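Side-chain atoms are counted along with the backbone in the values below, which use heavy atoms only and exclude waters and symmetry mates. Quick note: residue numbers are just sequence positions, from 1. Since the model is a prediction, treat every value here as computed from it, not as a measurement.
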Amino acid sequence: MRDTRESRLLLVLLIAIAFALITVDIRGGQESPVDGARQAAAAVFGPVENGVAAAVDPIGNAIGAVRDSGERHTRIAALEKENAELKAELGSDDRNRNRLRELDSILRTAGAGQYGIKGAQVIAIGAAQGFSWTVTVDIGARDGVKRDMTVLNGSGLVGRVTTVGPSTSTVLLANDPDFTVGTRMEKSNELGFATGQGDGPLLVQLLNGKAKVKQGDRLVTFGSSGDKPFVPGVPVGEIVRIDPAGGGLTRNVYVRPYVGFTKLDIVGVVVQAPVSNPRDTVLPPKPKPAPTVTVTVTPPPPDGQQAADGQKPNENQQGQDQGDATP
């Protein structure tokens with residue numbers, strides 16, 4: 001009995017210490033006192049995760065082709081050519097085809113926004129740094145990755161880099177409750193702040209409490225000072241629900257993110273911001289409305305005419321029947 005109580009006491013103590021470290025880390029930001037320990041852990045465990053992923057991943061060369069795309073859009077054409085050659089080499093495997101489509105999509109997004117990116121593969125989900133929604137990618141300081149860089153994929157905003165090791169990095173996903181990003185609405189330019197809600201939609205607090213919004217309106221990142229942690233113009237998502245306007249200074253809307261956070265595979269870390277704000281050019285084209293089907297209805301004849309027309313056949317039929325009955 002004594003051993004059991006001591007074990008439980010030790011477990012409670014360790015949990016309390018873990019939560020204390022998490023709180024200190026989050027509040028400390030870049031000056032966190034445990035940042036050195038996190039980087040040391042990344043340096044130790046990063047190569048192990050990277051090695052395991054490399055051993056089971058047949059498409060590593062394809063990701064490497066995008067990884068060196070840190071230069072601006074002048075290299076997009078060359079990368080597309082390399083990607084086309086890789087397609088021929090990789091054959092017709094379904095998984096490889098899907099991942100190549102992801103690479104194509106990321107290249108198009110980078111080209112539209114003029115982002116200099118380095119491609120990366122997600123090699124681990126979750127981390128020991130205390131965040132509930134994180135992934136580990138297989139590039140780090142040796143590849144030019146730094147803390148507070150934007151991470152995206154072909155659909156939109158994935159998150160931001162929080163910890164960098166020599167060969168791996170940790171990415172805080174945009175749906176994490178500790179994640180916040182400035183947003184701007186398409187066309188109306190209304191500004192707000194989006195916060196993650198785990199499995200639910202993003203909660204966006206618009207600065208204008210009287211902003212006119214509707215379902216389907218789309219948002220992009222507003223951008224940060226010095227482009228860190230967020231570059232401008234990255235698609236965030238579209239509005240799916242709107243809280244009634246209560247006369248307050250702000251207004252809340254709920255946004256379905258473009259990115260599927262539970263099925264991330266290949267992402268791009270923005271290592272070079274665009275020269276100018278891409279505004280809404282990175283947003284996907286809106287779907288065309290379905291063609292309208294026109295149905296022509298012929299009105300029935302007036303009741304009087306219908307009755308008259310209906311009586312004549314009866315009279316004719318009656319006369320015919322009488323004629324047939326005459327000997």
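Remark: Leu202 CG to Thr195 OG1 distance equals 8.5 Å, nearest 0.5 Å. Between atom CG of residue Asn153 and atom CZ of residue Phe261 there is a gap of 8.5 Å, rounded to the nearest 0.5 Å. Atom CG of Leu283 is separated from atom OG1 of Thr109 by 10.5 Å, given to the nearest 0.5 angstrom. Summarising the geometry, atom CG belonging to Leu206 is positioned 6.5 Å from atom CD belonging to Glu190; distances are rounded to the nearest 0.5 Å. For the atom pair CD of Glu186 and CG of Asp280, the computed distance is 5.0 Å after rounding to the nearest 0.5 Å. Remark: Ile106 CD1 to Asp104 CG distance equals 9.5 Å, nearest 0.5 Å.
For Arg184 and Phe222, the positive end is not near the middle of the six-membered ring at less than 6.0 Å and at most 45° from its axis.
Judged by distance alone, the side chain of Thr250 and the main-chain N or O of Gln205 form no donor-acceptor pair under 3.5 Å. Here the side chain of Asp138 pairs no donor or acceptor atom with the backbone of Ala120 at under 3.5 angstrom. In terms of modelled atom types and a separation under 3.5 Å, the side chain of Ser105 and the main chain of Arg101 share no donor-acceptor contact. Proximity of a side-chain donor or acceptor of Thr221 to a complementary backbone N or O of Val231 within less than 3.5 Å is detected. Listed for the Asp217 side chain is a donor-acceptor partner under 3.5 Å among the backbone atoms of Lys214. Side-chain atoms of Asp143 never come within 3.5 Å of backbone atoms of Val145 as a donor-acceptor pair (strictly under, hydrogens ignored).
Val271 and Ile139 fall within the same hydrophobic cluster, defined by Ile, Leu, Val, Met, Phe, Trp and Tyr side-chain heavy atoms under 4.5 Å apart, directly or through other members. Val122 and Leu173 end up in the same hydrophobic cluster when Ile, Leu, Val, Met, Phe, Trp and Tyr side chains are linked at under 4.5 Å.
Side-chain contact between Thr168 and Val137: absent, with no pair of heavy atoms (C-beta onward) separated by less than 4.5 Å. In this structure the side chain of Ile239 reaches within 4.5 angstrom of the side chain of Met185, judged on heavy atoms. Contact check for Val161 versus Val269: side-chain heavy atoms found under the 4.5 Å cut-off. In this structure, Val220 and Thr183 have side chains that are not in contact, with every pair of non-hydrogen atoms separated by 4.5 Å or more. Contact annotation: the side chain of Val151 never approaches that of Val135 to less than 4.5 Å [non-hydrogen atoms, C-beta and beyond]. Asp265 places a side-chain heavy atom less than 4.5 Å from the side chain of Arg99. Counting only heavy atoms from C-beta outward, the side chains of Thr134 and Thr162 never approach each other to under 4.5 Å. In this structure, Pro232 and Pro278 have side chains that are in contact, with non-hydrogen atoms separated by less than 4.5 Å.
Annotation for Gly233 and Asn277: closest pair N-OD1, 4.3 Å, computed over non-hydrogen atoms. Pro201 and Tyr254 make their closest contact through CG-CB, 4.1 Å (heavy atoms, listed as atom of the first residue, atom of the second, distance). Shown here for Ser169 and Val164, the closest heavy-atom pair between the two residues is OG-CG1, 4.0 Å. The nearest pair of heavy atoms linking Arg256 to Val240 is NH1-CG1, 3.2 Å. What you find for Ile117 and Ala110 is that their closest heavy atoms are CD1-CB, 3.8 Å. Scanning both residues, Val255 and Gly237, for their nearest heavy atoms gives CG1-C, 3.5 Å.
Surrounding CZ of Phe193 are at most 12 heavy atoms belonging to other residues, nucleotides or ligands under 6.0 Å away. Other residues, nucleotides and ligands place more than 12 heavy atoms under 6.0 Å from the CG atom of Asn189.
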Verdict with reasoning, Trp133 to Val171, per side chain to side chain contact (heavy atoms under 4.5 Å, CB included): CA-CA 9 Å; Trp133 289 88; Val171 178; over 6 Å; no

message: Between Leu103 and Ile266, does the side chain to side chain contact (heavy atoms under 4.5 Å, CB included) criterion hold? Intermediate values first, please.
response: CA-CA 7 Å; Leu103 286 172; Ile266 300 173; 3.8 Å; yes

message: The test is side chain to side chain contact (heavy atoms under 4.5 Å, CB included); show your working for Val181 and Val234 and say whether it passes.
response: CA-CA 11 Å; Val181 57; Val234 181; over 6 Å; no

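One finds no salt bridge joining Glu238 and Arg218 here, because no Lys/Arg side-chain nitrogen approaches an Asp/Glu carboxylate oxygen to under 4.0 Å. Ion pairing between a basic and an acidic side chain is recognised when a charged N comes within 4.0 Å of a carboxylate O; Asp148 and Arg160 show such pairing. A salt bridge is defined here as a Lys NZ or Arg NE, NH1 or NH2 lying under 4.0 Å from an Asp or Glu carboxylate O, and Arg251 with Asp243 fails to meet this definition.
A distance below 6.0 Å separates the ring centres of Phe230 and Phe179.
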